[in-house]
Amino acid sequence: MQKIHKTIIKTTPYGPVVLVWSLFDGQPRIVRIIIPKPASPAEGEVARLFPDIVTTSCPAIDLIASRIEAYLAGEEIAFSLDLVKLNVCSDFQQAVLQANHAIPHGGVSSYGLLAAHLGKTKAARAVGGALATNPFPILIPCHRVIRSDRTLGGFGGGLQMKKAMLAAEGVTFDKTGRVNKFHLL
């Protein structure tokens, strides 16, 4: 049985974030990132999903954890997917997540534009579904994808967290709360 580990990042403005990881062929790989949800702390979700998890870390995971902490504190960080175990996702979800990962810091795209970028112009809802179950939020910045009407859409950490993360990246909003503009991929 594969031993599952967790590393907890406690100092974020949104509450604790948990990196769930394991060793694969002797290399650490992140299998899930749990962010706090409104009225549901990340640590409780981890305990529910992974009851036998062990709290520990390693230098590579510590580096990612410190980079996530810095990003959530407002620093501009570009994340690599080198330690992400993407093959826990379907082929379609992997394509969506990789395209989403290409949206730069401070950039925003829509579910429809992301679908069109993938050559699936009618798949905006499917893209939304793939992002709704993104196992790697923050590293794969699903908060940067909004509805085509420039409203926020959804986010696992709640809309307040999504808006705050976008604002920290320099994204601006009009008086109705819509994103002022978004960028094509």
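The figures here come from the full heavy-atom set of this structure, side chains too, leaving out hydrogens, waters and symmetry mates. As the structure is a computational prediction, the values presented were derived from the model and not from experiment.
Interatomic distance, Tyr111 OH to Arg125 CZ, rounded to the nearest 0.5 Å: 11.5 Å. Here CZ of Phe173 is found 5.0 Å from CG of Leu166. Values are rounded to the nearest 0.5 Å. With values rounded to the nearest 0.5 angstrom, Cys142 atom SG is found 6.5 Å from Ile35 atom CD1. A distance of 14.0 Å separates NZ of Lys120 from NZ of Lys122, quoted to the nearest 0.5 Å. Rounding to the nearest 0.5 angstrom, the gap separating the CZ atom in Phe136 from the CG atom in Leu86 is 5.5 Å. One finds the CD atom of Gln98 at 11.0 Å from the CG atom of Asn100 (value rounded to the nearest 0.5 Å).
Using a 30° and 60° split on the angle between ring planes, Tyr71 and His143 fall in the tilted class, from 30° to 60°.
Listed for the Ser66 side chain is a donor-acceptor partner under 3.5 Å among the backbone atoms of Leu63. Without hydrogens or angle criteria, Lys162 side chain to Leu152 main chain gives a donor-acceptor distance under 3.5 Å. Side-chain N or O atoms of Ser22 include one that pairs as donor or acceptor with a backbone N or O of Lys3 at under 3.5 Å.
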- Message: What verdict does the side-chain hydrogen bond (donor to acceptor under 3.5 Å, both in side chains) test give for Ser57 and Thr7, after you've listed the backbone C-alpha separation in whole Å, the side-chain angles of each residue and the deciding distance to 0.1 Å?
- Response: CA-CA 6 Å; Ser57 198; Thr7 297; 3.3 Å; yes

- From CA spacing to verdict: side-chain contact (heavy atoms from CB on, under 4.5 Å), Ile64, Ile30: CA-CA 10 Å; Ile64 294 293; Ile30 298 168; 3.8 Å; yes

- Item | Leu97 vs Asn134, side-chain contact (heavy atoms from CB on, under 4.5 Å): CA-CA, chis, key distance, verdict | CA-CA 7 Å; Leu97 295 177; Asn134 173 10; 3.7 Å; yes

- Chi angles and distances behind the side-chain contact (heavy atoms from CB on, under 4.5 Å) call for Leu139, Val84: CA-CA 9 Å; Leu139 296 184; Val84 173; 3.7 Å; yes

- Val18/Val20 under side-chain contact (heavy atoms from CB on, under 4.5 Å): CA gap, chis, key distance, verdict: CA-CA 6 Å; Val18 181; Val20 179; 4.2 Å; yes

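When side chains are defined from C-beta on, Pro13 counts as touching Leu72, because their heavy atoms get closer than 4.5 Å. Here the side chains of Val96 and Leu114 are in contact, with some heavy-atom distance below 4.5 Å. Between Val17 and Ile33, the closest side-chain pair of non-hydrogen atoms falls below 4.5 Å. For the pair Trp21/Ile4, no side-chain contact is recorded, criterion being any heavy-atom separation below 4.5 Å from C-beta on. In this structure, Leu81 and His101 have side chains that are in contact, with non-hydrogen atoms separated by less than 4.5 Å. Pro41 has its side chain out of reach of Pro36: every pair of non-hydrogen atoms, C-beta onward, lies at least 4.5 Å apart. Taking the side chain as every heavy atom from C-beta outward, Ile8 and Leu19 never approach each other to under 4.5 Å. The shortest side-chain heavy-atom distance between Phe155 and Met165 falls under the 4.5 Å cut-off.
Residues Ala42 and Pro16 approach most closely at CB-O, 3.3 Å, considering heavy atoms. Heavy-atom minimum distance, Ser110 versus Val145: C-CG1, 3.6 Å.
Checked for salt-bridge contact, Lys10 and Glu43 meet the test: a charged N lies under 4.0 Å from a carboxylate O. With salt bridges taken as basic N to acidic carboxylate O contacts below 4.0 Å, one links Glu169 and Arg144. Contact check on Arg150 versus Asp174 returns a salt bridge, with a Lys/Arg side-chain nitrogen under 4.0 Å from an Asp/Glu carboxylate oxygen.
The closest side-chain donor-acceptor pair between Thr133 and Gln93 falls under 3.5 angstrom.
Gln94 CD: more than 12 foreign heavy atoms inside a 6.0 Å radius.
The side-chain tip of Arg67 points at the ring of Phe79 from less than 6.0 angstrom away and within 45° of straight on.
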